[in-house]
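Scroll down for the structure; my scribbles are underneath it.
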Amino acid sequence: MKVLIVGGGGREHAFAWQFAREDPSIELLVAPGNPGIATLARCVPITATDIAGLVHLARTERPELTVVGPEAALALGIGDAFREHGLPLFGPSAAAARIESSKTFAKHLMRRAGVPTARAERHTRVDDAKRAARTFGAPVVIKASGLAAGKGVAIAQTIEEADRAIDAMLRDHAFGVAGDEVLIEEFMDGEELSVFVLTDGTRIVPMQAAQDHKRLLAGDTGPNTGGMGAYAPVSVATPELVHDVVARIVRPTLRALRDAGTPFTGLLYAGLMLTRDGPRVVEFNGRFGDPETETLLPLLQDALLPRLLTIARGESLDDSPLGWNRQFAVTTVLAAAGYPESPRLGDVITLPASPPHVHVFHAGTARGDHGQLVTAGGRVFAITAIGHTFADAQRASTQTAHDIEFAGKQFRADVGWRELERHAGAT
Ligand code: AMP
Ligand code: GLY
């Protein structure tokens, strides 16, 4: 079997690792990949947004399956382009991917479908946006509507902060065109949860829930990032809660997408806030999360490839549940100096060998001029440790983050702090 993976981060390294583990004879092709992925796959230097280049590659190589990581490729229509050429691809069409690429589209859809989410208003003019922020009252959330790699969101504690964020997006174009339209949104208080479901548009298979850590610094402080760490299982995500999320959030959303003539196939990621009034949607994504994928795949006991293949071929999904092993996974992200504002590239990395229960997935790494491993992106590694207890996994993940060296590295030593407190409280 030949599989093409599109992307070159920690999530795509985890895909490659998982597929090779499921089928040791698999032929893996990754565009563009990274030095970690290159130990498992043939890497081809085509970027994830070069849709014409990827179509050409796939028409030449004829993979039985293409799996897409990054949202940008989906928003640019890689799903449509591959399907036009009869190439099976796991991922939604550009029209369905708007559930992620346009927060305004997602809000309208949720309103129509009656899906619980924060109240929001869309604005393109500074004055109107500032007036809306005053009506909502602080704390208030200011969001760029377009794709901004998880960074186009400001949680303003005061009206002055809200004004600054609005000026940065609408007046100073800090997020380019992604911020030319903003949402002023009600602040939701609670704990976050990521729920992923595989879907053929109608049938669904939920994955185990995970909890991401979006803030840069310990105790969930500092700026928003693409994700600084994740863990699973999450004890508050009981089977009843996941069932409720599927019934009240996932199914109505998929139905609304079908009704709009843009059925969604692939992986639907519901980013939730567990509020006092129950789970409410923070955002949807149309692809696997990063770093949650690096957390979840090492816990997976059943094969993923057959389900991805079925969905990519447009066949009907086997919706029997996936099996998970009963251990704990904690992922710590090692980020470059200057992340998230302006990550510094080119710092030389020292990467010691890690124990078998620790998986070091490469995210932003590259080979320097002399073949040495160097930093090449904001998030450099995603380190997943598996343990028989949550505390064991947490300790091993943090220890490996200490052991890998490069100048200016940043990481959170408190990934899963809520869960650690719950486990401590339970004993
Ligand atoms: P998003 O890109 O919409 O997922 O937002 C990024 C992060 O900002 C989320 O994961 C939350 O941590 C936070 N956030 C976004 N919207 C809200 C909201 N309405 N209330 C509270 N936190 C939010
Ligand atoms: N972990 C957040 C994301 O993938 O968007």
Side-chain angles (χ1 to χ4, degrees), residues 7 9-12 14 68-72 74-75 97 99-107 110 116-121 132-133 136-157 162 165 169 175 178-179 182-196 207 209-217 220-232 267-277 279-296 331-333 335 340 361 363 378-379 382 412 415 418:
R11 166 183 51 205
E12 291 77 23
V68 182
E71 58 274 21
L74 296 165
I99 190 93
E100 169 167 13
S101 63
S102 167
K103 290 184 189 291
T104 306
F105 173 85
K107 279 287 174 199
M110 283 188 267
T117 184
R119 270 185 310 122
E121 274 183 27
F136 276 86
V140 61
V141 181
I142 317 295
K143 290 187 181 180
S145 178
L147 291 178
K151 293 159 219 158
V153 175
I155 315 285
Q157 297 299 336
M169 288 180 200
F175 298 98
V182 299
L183 290 181
I184 309 298
E185 198 172 286
E186 170 197 2
F187 174 78
M188 298 187 289
D189 198 17
E191 195 167 323
E192 284 187 66
L193 194 69
S194 305
V195 173
F196 298 175
M207 296 184 68
Q211 188 167 71
D212 188 12
H213 296 57
K214 295 266 170 41
R215 301 295 196 96
L216 180 69
L217 304 173
D220 294 327
T221 57
N224 264 318
T225 69
M228 291 299 289
Y231 69 89
L267 184 132
L268 185 67
Y269 165 151
L272 307 170
M273 191 69 81
L274 305 180
T275 72
R276 276 191 315 194
D277 306 326
R280 298 170 75 193
V281 176
V282 176
E283 63 162 354
F284 281 113
N285 295 317
R287 37 113 196 138
F288 282 87
D290 192 347
E292 294 98 321
T293 302
E294 295 94 301
T295 310
L296 291 172
T331 304
T332 304
V333 167
F361 296 114
R379 294 187 288 178
R412 283 184 57 173
V415 173
R418 286 194 179 83

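Values below: all heavy atoms of this structure, side chains included; hydrogens, waters and symmetry mates excluded. We count ligands from 1, going down the list as the structure has it; atoms in each ligand are counted the same way.
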Any nitrogen or oxygen of F187, main chain or side chain, under 3.5 Å from a nitrogen or oxygen of ligand 1?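 Min N/O separation from ligand 1 is not below 3.5 Å for F187.
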Please could you name the atoms of ligand 2 that [X] approaches to less than 4.0 Å, counting only its heavy atoms?
| X | answer |
| --- | --- |
| N285 | 5 (O) |
| K214 | 2 (C) |
| G226 | 1 (N), 2 (C) |
| D212 | 1 (N), 2 (C) |

Would you call [X] a ligand 2 contact, heavy-atom distance under 4.0 Å?
| X | answer |
| --- | --- |
| Y269 | yes |
| E71 | no |
| G289 | yes |
| A230 | no |

Going from CD1 on I155 to CG on N224, what distance comes out if it is rounded to the nearest 0.5 angstrom?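 Between I155 CD1 and N224 CG, I get 5.5 Å after rounding to 0.5 Å.
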When rounded to the nearest 0.5 angstrom, what distance separates CG in N285 from CD in E100?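 These two atoms lie 4.0 Å from each other.
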Please work out, at 4.0 Å between heavy atoms, whether the side chain, the backbone, both, or neither of D212 comes within that distance of ligand 1.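 It is neither; nothing of D212 touches ligand 1.
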Where ligand 1 meets [X] - atom numbers and elements under 4.0 angstrom, heavy-atom basis:
| X | result |
| --- | --- |
| K143 | 3 (O), 15 (C), 16 (N) |
| K214 | 10 (O) |
| M273 | 21 (C), 22 (N) |

Using the side-chain hydrogen bond (donor to acceptor under 3.5 Å, both in side chains) rule, pick out the option among T225, D220, T332 that qualifies with R412.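 Filter result, single survivor: D220.
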Salt-bridge test for E186 and R280: reply yes if a basic N is under 4.0 Å from a carboxylate O, no otherwise.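 Result for this pair is yes, salt bridge flagged.
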Any Lys/Arg nitrogen of K103 or E185 sitting under 4.0 Å from an Asp/Glu carboxylate oxygen of the other?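 Looking at E185 together with K103, the answer is no, because their closest N to O distance does not fall below 4.0 Å.
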Whether T117 side chain and V281 backbone form a donor-acceptor pair below 3.5 Å: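 It does hold such a pair.
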Return yes if some donor-acceptor pair links the side-chain N/O of R379 with the main-chain N/O of D290 below 3.5 Å, else return no.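 Here the side-chain-to-backbone pair exists.
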Which label fits F288 and F196: parallel for a plane angle under 30°, tilted from 30 to 60°, or perpendicular past 60°?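 Ring orientation of F288 relative to F196: perpendicular.
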One residue to check: M228. Relative to ligand 2, which of side chain, backbone, both or neither has a non-hydrogen atom less than 4.0 Å away?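 It is neither part, as no heavy atom is under 4.0 Å.
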Where the closest heavy atom to atom 5 (O) of ligand 2 is concerned, which of E283, E292, R287 has it?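 Heavy atom nearest to atom 5 (O) of ligand 2 belongs to R287.
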As a check for students: among E283, E192, M188, identify the option with a heavy atom nearest to atom 21 (C) of ligand 1.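 That would be M188.
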Does a donor on one side chain and an acceptor on the other come within less than 3.5 Å for S194 and E292?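 A pair is found: one side chain offers a donor N or O, the other an acceptor, under 3.5 Å apart.
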Within a strict 4.5 Å, meaning less than it, do heavy atoms of the H213 and Y231 side chains meet?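 They are in contact (side-chain heavy atoms under 4.5 Å apart), so the answer is yes.
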